[in-house]
Structure formats: C-alpha cells, structure tokens
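Everything below concerns the one structure shown next.
Start at 1 and go down the list; that is how both ligands and their atoms are numbered.
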Amino acid sequence: MSYTLMSQLFVRTLREDPADAEMPSHKWLIRAGYIRRVAPGIYTWLPLGLRVLAKVESIIRDEMAAIGAQEVHFPALLPREPYEQTHRWTEYGPSLFRLKDRKGADLLLGPTHEEMFTILVKDLCSSYKDLPLILFQIQTKYRDEARPRAGVIRGREFIMKDSYSFNVDDQGLAQAYDQHRKAYQAVMERLGLEYVIVQAMSGAMGGSRSEEFLAVTPFGEDTFVRSAGGYAANVEAVRVAPAPECNCANAPAPRLVATPGASTIASLVDAVNRVAPRPDREWQASDTLKNVVFMRSDPTGQRHPLVIGLPGDRDVDPKRLEAAISPDTIEPFTASDFLNYPQLVAGYIGPVRLDDPPTKILGPGSVDDLTYLTDPRVSKGSSWISGANLADHHLVGLVTGRDFVSDGSIDVAEVRSGDPAPDGSGPLELARGVEMGHIFQLGRKYADALGLKVLDANGKLVTVTMGSYGIGVTRAVAMVAETTCDERGLAWPKNIAPYDLVIVVAGKGADLMEAAMMLANDLAVEGVDLVVDDRLVSPGVKFADAELIGFPTSVVVGRGLKDGLIELRDRASGDARSVPLTEAVAAILQQVQS
Ligand code: ATP
Ligand code: MG
C-alpha cells in the first residue's frame, strides 16, 4: 500500500470558470481537473475523474451481480443490418452516428444495443432451459444529441450500463423487471441521490411498461409530476383522463360572429363577450378551441401538416408533442407553408367553414392531407368557439361530433400544477429532474424482428420476451457531484470520492513534511487511499484545492505540530478538530470509515 504525492498527481486545478458551464457540477468537474472538453458533448476523463467513474461502475456491477446478471462487452462500432431489421437505422434519425468503411459498407456507433443482445442470445440459446437470462455491459454509447449539455450530463459520447433480460413468458419478464427496479433503487441509494420513480414513455424503444429514475434537481431537463396520493410520471407520459361526453347535440347550429383583429385567445374572449355574450356567465379561454398547425416530418423526410386542437387556455407542450410523435419530428409551420394551404387562415383556423353546405377544413374528408388531432378535453358533444377560416371571424357553438370530427386524439397540452392526477389521487405538483435510469418491458418487439425463439417445455417454439434497462454511468458521476457540491467546489460522499483523504502539509519546515510522510505511511498500511499535498505552494492554495477537489477528509499537518497536534477537517460538514499526533491514525481511520 502506498500513497500519492500531489506534486506528482496529473491534475491542474483551474481558477476560472469554463465559459460554457451550465450546471455547477460541470463547472467544478472541469475546474477541479476531473474532465476536459474535447468537442461539444465529448470529454476526456483525467485521473481523478476516472477514479470516481470506477467507483460508480463498481457500485453498479455489484448490484447487477446481486440479481444474477452476467457481464459482456459489445463493440461500439456495429453493422447496419440488425438496426435495419428493427427499423432503427432510420427511426433513430439524426441522433445516430452513421459511417462507412473502406468498402462502402454502412456502420453505426451504437446508441444502445437491443439488437446486438437479441442476436447474441438467438445465436447461443435454443431452449427454455437456457432462460431466464440477464446480460449487461458497461459501455460507451454514441448519440448525436441535438443539445449536448452540462458537461457529461448530456454527452454525445457517454457511458451507459445497459442490461437485457430474456424470458419465455410475461411472468418471467415482470420478475426480471422487478429485480432491476430493486437493483436500481439500491444503486440510487448507494449513490446518495434523491430520486423519484416515474412512469415513462417508451419512445423509440417500443414496448409497454416503462419507468424512469429521476434525480431531483431544479436544473433537470425532465419535468415530472406527482400527487400526494402517489401518482408520479414524467410529464411526457402523463395521460389526461378524457373529458366525459356532453350533450350539446340539441344546441343551436354554429353561428358566425365578426371578431375583427381577434387573432389571439385573449382578444377573442374579449370580442365574443361583447358581440355574442353568454347569458349564464362570461366566456372564458377554456371555451375556445385553439388550432395550432405544425409541419410534421417522418424519418424518411416526408412532410405533412399536423393541426392540434386544444382548449384555448392551454398551450401545446413541445416536449410532450415530440415524445408523442417520435420518431417523427416537428417543425414550425412557416408563412410559405401557409401559402400552400390557403384554406388555413392564420389566426382564424377552425375545423369547418360555414359555406353552404359547410366545408370540412380539418379532420376526415377535409380538402387536403391535413391531420387533425384533438386534446382529450375535446370530448364528444362538447361545444366550442373556434376559428371560421375566414379572416376576422369565429364560429360560436361548434359541437364536437355534430359539426366536426378529428382524425384522432393527441395528449400533448401542457400539464399544469394543480391539474388532477389521471388516477384521481389528487392535484399534481410539478418538479424537475435528470433521468438517471430507465427500465422497460420491451416485450417481443425485438425478438420478433430478429427471430429470437426458443423451444418451451412442450417442445413448441416460442418467441422470447425481453426487457431493457439502462443507467447513465458518466451522468451519474456528474449528478453525484451536482447534488453534493457547494460554493467552494466538489464535496464527494466517502464511497465515491477519488481518494479517502488528503494530508495538507501546511508550512515549510522539514519536520512538517517528515510527520506528514510518517502519517501517510501508517494510513496507507491501514488501507487508506490518500494524497499528500507536498507542493511548494502556500497553505491557502492547498486548502482551496482540497476543497475544490472535494477530498472528504483533510488532515492538516501545520502550526499545531509543535504542540503535538494535527487538524482533521470534514469537507461535507465543514467541521474541524485538533487531534494529538499520537492518536491520529485511530482518529483518522474512524473518520474515514464512518
Ligand atoms: P434522455 O431522455 O435524457 O435523452 P434517453 O431516454 O434517451 O435519455 P435511454 O435511452 O433511456 O436515455 O438511456 C438510458 C440512460 O442513459 C438514461 O437514463 C441516462 O441516464 C443515460 N443517457 C442517455 N442519454 C445520455 C447522454 N446523451 N449523455 C449521458 N447519459 C445519457
Ligand atoms: Mg430514457
């Protein structure tokens, strides 16, 4: 056992914040010499960073072993063919790094490895006796993220632990899923992260049951909701309960009202309250049906307008929309797009135009290739004020199902704090988090596409059912940093810190250095992993670096030595106490191991 001299350690701490730091952890990991940026979303890991990374990996390996998962390691450079068979070569869109070899064959850099694991198990397993099986790897993934962010929190190259379960029946899958859920809870506990488990969208993966583990932080990119009664979901996955059917079918036919200049919801409400007042109460924004047009592109590049109808008091949530239509993407509907669809009058778009007979502008049987999807609140029989497809005019009393129909439902309106939880468990509260892990019941999608079948106990060929489970390893390092750092730098928990402690030689005398080295030796023998800050710099610089780097414990050998004392400092609590040199090893061991 030995110790490391700070003068030899390959670390250069920086006094200046990096210009692009978006989150405190990003700033500190760069300044404390853990990572270095190479290009957007691409980072080098330096010795301190690698040590932390290894500790996080070892926690994850440990918990994977506990559920009987076996480790393998796939290449990151993969052939196109399997991804073609599952359509992900196209569906992954611009996020997939595609490349060609010298012979012109298509390759990709793996964004996730469902296909490869499925093929491996297909090649090597033929009977139900080979299952259940859980395989995992800790491996580098590549995704050309649209917005790399906050250092390694969202990288274009990052490390993921991905595991895959293989079972013959649904019950087996449910069990493997549950095992992973518990393993992930254990990992989050050991990382010391405050987390929530939320219902998730299964997105490009397909499949059914799916949950995310979010670390709670105000800087998170994910918004989630929760109710006091226990409902929790990523905002993308919230499914609003459809409004009950109403009976406005006997209401008078829709009528055209002049609403000059009322191209916004606020001005519309104002106008109808003046020109077409309601006897029982004032019109409100939620009485209006707002129709928002987008241009939707599928992965092959085909573009079609998509019109979304929703109550005027709500906006479309871009992230919910993106998640709902994935792998298709959305672009704004531009002025030149409007020229190609003259029946859509900007600011006055509605499902019908009151010609004689009325013209369907949106929905089945409409003039063009427009898809019209409506919010679940636009229930059958509900009555609305909507655009008349005529400048400066609206229709009042348009009844859903009688005067217009949509092509289907889409649940992408913004979710607001106070909205009822879909399961009736109380009002929703919104908060933010960073996705740390994601568990999916994939079902038979990949096994079907790639022909993974085994013989069951009756000798019948059955398609294997799969689960896929990911944890962001590099992201986890950053999130532990993020949730423990303070205004002086990193403050690692003891089980994740790159070293147990630093001995700060605070002064010039040879006696200080000698005492420090002796103490270092004694501690190293006891298995303590430590650094001695032997540099010829001022004690102030050493203290600042010790706090920046985030050693959990600092041992100061300085002025007190002439009285036979050293000082023990705890980074997280800031507590400091003097200890006689003669009792130092025992006291330090106790602090390090607590
Ligand atoms: P996100 O919604 O944040 O883009 P995702 O849903 O695409 O993530 P998964 O495919 O579920 O991610 O990947 C599993 C885990 O890998 C995530 O829970 C996350 O911790 C991590 N991860 C995903 N993308 C990145 C990235 N670009 N950089 C770092 N870690 C990532
Ligand atoms: Mg995910």
Side-chain angles (χ1 to χ4, degrees), residues 22-23 25-26 29 35 37 39-43 45 53 56-57 60 76 88 91-97 109-115 117 136-164 180-181 183-184 187-188 191 193 195-207 209-217 219-224 233-237 318-320 322-324 326-327 432-442 446 467-482:
E22 286 144 307
M23 284 171 75
S25 57
H26 179 195
L29 287 171
I35 56 171
R37 180 180 175 279
I42 308 181
Y43 286 81
W45 288 78
L53 189 58
V56 170
E57 287 184 0
I60 295 172
R88 288 212 290 185
E91 287 182 358
Y92 238 101
S95 298
L96 189 66
F97 279 105
L109 295 175
T112 165
H113 280 72
E114 279 75 10
E115 286 80 353
F117 276 81
F136 81 102
Q137 63 175 349
I138 293 183
Q139 206 253 14
T140 307
K141 305 283 187 214
Y142 296 85
R143 295 182 186 178
D144 196 358
E145 298 277 357
R147 291 172 290 279
R149 179 172 174 264
V152 296
I153 297 234
R154 182 175 295 286
R156 295 196 295 162
E157 174 181 289
F158 61 96
I159 300 174
M160 194 201 289
K161 184 288 300 176
D162 47 330
S163 38
Y164 304 85
H180 274 90
R181 202 172 188 273
Y184 278 33
V187 169
M188 297 298 280
L191 295 177
L193 292 171
Y195 69 99
V196 285
I197 305 178
V198 301
Q199 291 176 32
M201 291 277 289
S202 26
M205 297 286 186
R209 187 164 177 214
S210 152
E211 287 167 299
E212 285 167 354
F213 287 68
L214 303 183
V216 183
T217 149
F219 291 104
E221 277 187 282
D222 282 279
T223 304
F224 67 94
N234 191 310
V235 80
E236 293 169 2
K319 287 193 95 175
R320 276 165 57 74
E322 201 181 307
S326 166
R432 300 182 77 87
V434 170
E435 183 188 322
M436 302 304 303
H438 199 162
I439 54 178
F440 286 107
Q441 294 195 9
L442 290 176
Y446 289 86
S468 110
Y469 318 88
I471 293 187
V473 182
T474 39
R475 179 178 284 184
V477 170
M479 284 309 297
V480 174
E482 179 70 27

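Atoms of ligand 1 found under 4.0 Å from any heavy atom of Glu145, numbered from 1 in the order shown, are 24 (N), 26 (C), 27 (N). For ligand 1, the atoms closer than 4.0 angstrom to any heavy atom of Gly437 are 18 (O). Distances below 4.0 Å separate heavy atoms of Met436 from the following atoms of ligand 1: 18 (O), 20 (O). Annotation for ligand 1: atoms under 4.0 Å from non-hydrogen atoms of Ile153 are 28 (N), 29 (C), 30 (N).
In terms of N/O distances under 3.5 Å, ligand 1 is not approached by Met160. Here's the thing with Phe440: none of its N/O atoms is less than 3.5 angstrom from an N/O atom of ligand 1. Between Thr474 and ligand 1, a contact under 3.5 Å exists for no N or O pair.
By the criterion of a heavy-atom distance under 4.0 Å, neither the backbone nor the side chain of Asp222 is placed next to ligand 1.
Tyr43 has its side chain out of reach of Glu157: every pair of non-hydrogen atoms, C-beta onward, lies at least 4.5 Å apart. Residues Phe219 and Arg432 have side chains not in contact (no heavy-atom distance under 4.5 Å, counting atoms from C-beta outward). Counting heavy atoms from C-beta on, the side chains of Arg143 and Thr112 come closer than 4.5 Å. Between Met23 and Arg149 there is a side-chain heavy-atom pair separated by less than 4.5 Å.
Using a non-hydrogen distance threshold of 4.0 Å, Val473 does not register as a contact of ligand 1.
With distances taken over non-hydrogen atoms, the option nearest atom 3 (O) of ligand 1 out of Arg143, Arg154, Glu435, Lys141 is Arg154.
Qualifying ring pair (Phe, Tyr, Trp, His ring centres under 6.0 Å) partners for Phe117, counting only residues two or more places apart in sequence or in other chains: Phe74, Tyr164. Scored by the ring pair (Phe, Tyr, Trp, His ring centres under 6.0 Å) test, Phe224 finds no partners at all (sequence neighbours excluded).
Between Gln139 atom CD and Phe158 atom CZ the span is 10.0 Å, to the nearest 0.5 Å.
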